[in-house]
> 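After the C-alpha cells below, expect a handful of questions from me.
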Amino acid sequence: MHQYKAPQASPYTDAPYRPLLRLFLSHPNPTQSLLIFLQMLHQCEHFPDKFTFPFVLNAASGLKAFRVGRVFHGMVIKASLSSDVFILNSLVYFYGSCGDLDLAYGLFMKIPRKDVVSWNSMITAFVQGGYPEGALELFRGMEKENVKPNDVTMVGVLSACTKKLDLEFGRWVCSYIERNEISVNLTLSNAMLDMYWKCGGIEDAKRLFDKMLEKDIFSWTPMLDGYATLGEYDEARHVFDAMPCQDIAAWNALISAYEQNASAQLGAMDLGRWVHVYIEKQGINLNCHLMTSLIDMYTKCGDVEKAFEVFYSAERKDVFVWSAMIGGLAMHGRRRAAIDLFSKMLEAKVKPNSVTFTNVLCACSHTGLVNEGRTLFYQMELVHGVVSEDKRYACMVDILGRSGLLEEAVELIEKMPMASSRLLELDPGNHGAYVLLSNIYAKIGKWDRVSGLRKVMRDSGLKKEPGCSSIEVNGIVHEFLAGDNCHPLSKEIYSKLDEIASRLKSIGYVPNKSHLLQLIEEDNMKDHALSLHSEKLAIAFGLISMAPSQPVRVVKNLRVCGDCHSVTKLISKLYVREILLKDRYRFHHFRGGHCSYMDYW
DNA sequence: GTAGGGTTAG
C-alpha cells in the first residue's frame, strides 16, 4: 500500500542505527540499555523494526520490568509485528521472567508456527516460575507436534527434574540425550551434573564429572556443594584445591552448606576456619556478603571472638554485616555488647532495617532488659521509620512475658495489627509465633485461647518438627530423638541418665514440669517423658564417650526446655564439664553450674 | 534478532 522507500527513510526501520543500538542494548547494565533506547525513540524519527525488539525485550526481561515490557508489547502490535516468531519468543520469555506464567502461556499458545525456541522459552519460563510439571508436559507436547528438542531444551528439562528431585526421570532424560544424539556441550553436561547431585545420584555425578573433558566454574561448584552438603568435608577440600579459580559463588556455596548441615555447627568448625584462612591467603576481596556469611558461621559455631575479628577487619560495613554481628551477640547472651554495637551502628550512620531491630530486640528478650527493649520497640517506627512486623511483635511480647509484665504483653497482643488468627497467613511455615502466643496465654491461664491456637495449628496441618539433638564424637555425628533407643549404646546412655537423676535428686532437685512451651512444641510427649528429651540423651552420651577435658557440644533443632536447661546447669557443676548447647534461638554456655543465659532459658 | 548451567546473606 505504500510506495517503496529507502530503508533509512521508512519510519519502521532503524537500520541505520541498528549496529549502534545493538551495541547499547548488549550493555551489561540493562537499565542503561533501556534508557539509551528510550532516548533514541525521542530523538530520532525512525521507529524500531522487528530486528530491534528482541534486544529491547531482553533488556526488559533482565530487569523484570513488567510495565516497560508491556509498553513494548503494545508497540509491537502497533507496528503489525505480532506475527514475527522471534519477537513472540522474546515476549514469551519476557512474561516468564516477570513471573506471569498465564500471560506467557497464553501468548505461547497463540504462536502459529512454533519453532524450537518458542518451546524452549516456555519450558524455561515454567521451570524458573516454579512449575516444573508444566515444563515436562511441554516436553511431551513437543514430541506430539514433532518438534525436535535440542540441547537447550534438554537443559530446561533437566532443570525441571532437578526442581522435582526426580532422579529416575533425570536418568531417563540423560539416556534420551544419548539415544537421540543431542550434542552435549559444557552447559548441558553441567545441567546433568547438577541434576545428579541435587537428586541424590551421587555416583552418577562423580562418574560424569570424571568423564568430562572440559570443566568450568559451573561444573566445579556443584561438586563442591555436593560434598559439603553430604558432610564429606575432606572431599570438599580436595575439590576446592583442584578448582582452577574460586569465585564468590563457590565460597558462598561452601559456607551456606555448613550452615544448613547440623553437623556444621558442631564439627565443621575446623573446615570453617580453613575456609577463612584460605580466603585471606588467596587475597580474596571480602565483600559484605561474604563477611556476613563468615560472621554468621562463626557465631553459629560458638566462636564470638573470631566473628568479632572478621567484623573489625571490615573496612566497609553495610547493614547486613552490622545486623549479623548484633544477632550473633544476641544469640550468645551478650546483651550489653549487642546494644552497644547497635548504638555504634547508629553513630556510623548506617540505617537499621527490620532485621537489625529483630536482632537487637532479641538481645533484650533473651536477657530481660525490659526497659531498653520497650524504648527500642517504640523508637523503631517513630524515629527510624521501620514498620513493625510480626516477628518483632513476637520479640516484644516475649520480653514483656518473661519479665512478668503479662498484662502489658496481652495488651500488646490485642493491639497487634495482625490478629493471632492472621499469623498463619503471614508466615505459614513458621509456628514459632503460635508457640510464643500459646505460652503467654497459658501463663496467664487463658486456656481457651491456648486450645484455640492449637486447633488452628492442627487444622492448618502445621507439622510439628520432632525435637532432635546432635552431638559429634570423634568425627561422627550422633543424632537423638526424644525417648530414642536406637543408639547402639542406648543401654549405657539410659543408665547414665538414671545416675544423673539420682545424683540430682540427692541434692534436692525437683523436675520442673511447668514448661508449657515445650509441651506444645513436642506435644507427643507426656510429662513423665521430660527426662527423655533429646538434648538429655545427647549430653548423657557425651559424658560417657568423651574425655573429661573435652567440652560437650550439642545442637538441638528446637528450643531447649526449662527443665533441660536447669538440669544441664547442674550437670556442668556435678560433672565439672563445659557444655555448649545450641538450640534454635541461642547458644547456651554452661560452666560450673551457670549458663551464659542466666535464668533466661 | 529469540531460548540454557552453580551462588543470592539476617
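Residue numbering restarts at 1 for every chain, and letters A, B, ... go by the order of the sequence lines.
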> Can you tell me the distance, in whole Å, between the CZ atom of A:Phe94 and the C1' atom of B:dG1?
18 Å

> Just jot down the ring-ring contact (aromatic ring centres under 6.0 Å, His included) partners of A:Phe342, sequence neighbours excluded, or say none.
A:Phe357

> Identify, with sequence neighbours excluded, every residue that meets side chain to side chain donor-acceptor pair (under 3.5 Å) alongside A:Thr153.
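Scan of A:Thr153 (side chain to side chain donor-acceptor pair (under 3.5 Å), adjacent residues dropped) gives A:Asn120, A:Asn150.
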
> Quick one: side chains of residues 102-113 of chain A, donor-acceptor pairs under 3.5 Å with protein atoms, not counting sequence neighbours, listed by atom name and distance.
none

> Among residues at least two apart in sequence or on other chains, which ones pass salt bridge (charged side-chain N to carboxylate O under 4.0 Å, His left out) with A:Asp166?
none

> Please list residues of residues 206-217 of chain A whose heavy atoms come under 4.0 Å from any atom in DNA chain B, ordered by number; otherwise none.
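By residue number: A:Asp216, A:Ile217.
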
> Between A:Phe218 and B:dG6, do the rings stack, that is, sit under 5.5 Å apart with planes less than 30° off each other?
no

> Does the side chain of A:Asn89 get closer than 4.0 angstrom to OP1 or OP2 of B:dG1 through an N or O atom?
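So the side chain of A:Asn89 is outside the cut-off, no N or O lying under 4.0 Å from OP1 or OP2 of B:dG1.
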
> For the pair made of CZ in A:Phe139 and P in B:dG4, what is the distance, rounded to whole Å?
18 Å

> Are A:Glu309 and A:Lys306 within salt-bridge range, i.e. N to O under 4.0 Å?
yes

> Which part of the nucleic acid does A:Ile87 contact within heavy-atom distance under 4.0 Å: base, sugar-phosphate only, or nothing?
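Counting heavy atoms under 4.0 Å across all strands, the contact made by A:Ile87 includes a base.
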
> Under the side chain to side chain contact (heavy atoms under 4.5 Å, CB included) rule, collect the residues that match up with A:Val76, sequence neighbours excluded.
A:Phe53, A:Leu81, A:Ser82, A:Ile87

> Can you measure A:Lys317 atom NZ to B:dG10 atom P for me and round it to whole angstrom units?
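Spelled out: NZ on A:Lys317 to P on B:dG10 is 19 Å.
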
> According to a cutoff of under 5.5 Å between the ring centres and under 30° between the ring planes, does A:Phe51 stack with the base of B:dG1?
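No, aromatic ring not over the base.
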
> Ignoring hydrogens, what is the shortest heavy-atom contact between A:Asn353 and A:Ser323? Give both atom names and the distance.
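It is OD1-OG, 4.1 Å.
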
> I want to verify a distance call: between B:dG4, B:dT2, B:dG10, whose nearest atom is closest to the A:Asn185 side chain?
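In terms of side-chain proximity for A:Asn185, the closest of B:dG4, B:dT2, B:dG10 is B:dG4.
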
> What pairs with A:Tyr176 under side chain to side chain contact (heavy atoms under 4.5 Å, CB included), at least two apart in sequence or on another chain?
A:Phe139, A:Glu143, A:Pro149, A:Met154, A:Trp172, A:Arg179, A:Asn180, A:Ile182

> Applying side chain to side chain donor-acceptor pair (under 3.5 Å), can you list everything that pairs with A:Glu235, at least two apart in sequence or on another chain?
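A:Glu235: no side chain to side chain donor-acceptor pair (under 3.5 Å) contacts found.
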
> Looking only at side-chain atoms of A:Phe86, point me to the closest of B:dA9, B:dG4, B:dT2.
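The listed nucleotide nearest to A:Phe86's side chain is B:dT2.
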
> Give me the residues of residues 104-132 of chain A where at least one heavy atom lies under 4.0 Å from an atom of DNA chain B, by number, or none.
A:Val117, A:Asn120, A:Ser121, A:Thr124, A:Gln128

> Starting from P on B:dT7, measure out to CE on A:Met243 and report it in whole angstrom.
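My rounded result for the distance is 13 Å.
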
> Assign A:Leu186 to base, sugar-phosphate, or nothing according to its heavy-atom contacts below 4.0 angstrom with the strands shown.
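Answer is base: heavy atoms of A:Leu186 come under 4.0 Å of a base.
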
> Quick check on contacts: within residues 149-157 of chain A, what sits under 4.0 Å from DNA chain B by heavy-atom distance?
A:Asn150, A:Asp151, A:Val152, A:Val155

> Can you list the residues that meet the salt bridge (charged side-chain N to carboxylate O under 4.0 Å, His left out) rule with A:Lys164, with sequence neighbours excluded?
none

> How long is the line joining CH2 of A:Trp220 and P of B:dT7, in whole Å?
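In whole Å, B:dT7 P lies 18 Å from A:Trp220 CH2.
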
> Between B:dG1, B:dA3, B:dA9, which nucleotide has the shortest distance from any of its atoms to the side chain of A:Asn58?
B:dA3

> For A:Thr299, give me all partners under side chain to side chain donor-acceptor pair (under 3.5 Å), at least two apart in sequence or on another chain.
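If we apply the side chain to side chain donor-acceptor pair (under 3.5 Å) test to A:Thr299, skipping adjacent residues, there are no hits.
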
> Give a yes or no on whether A:Lys144 atom NZ has more than 12 heavy-atom contacts from other residues, nucleotides or ligands under 6.0 Å away.
no

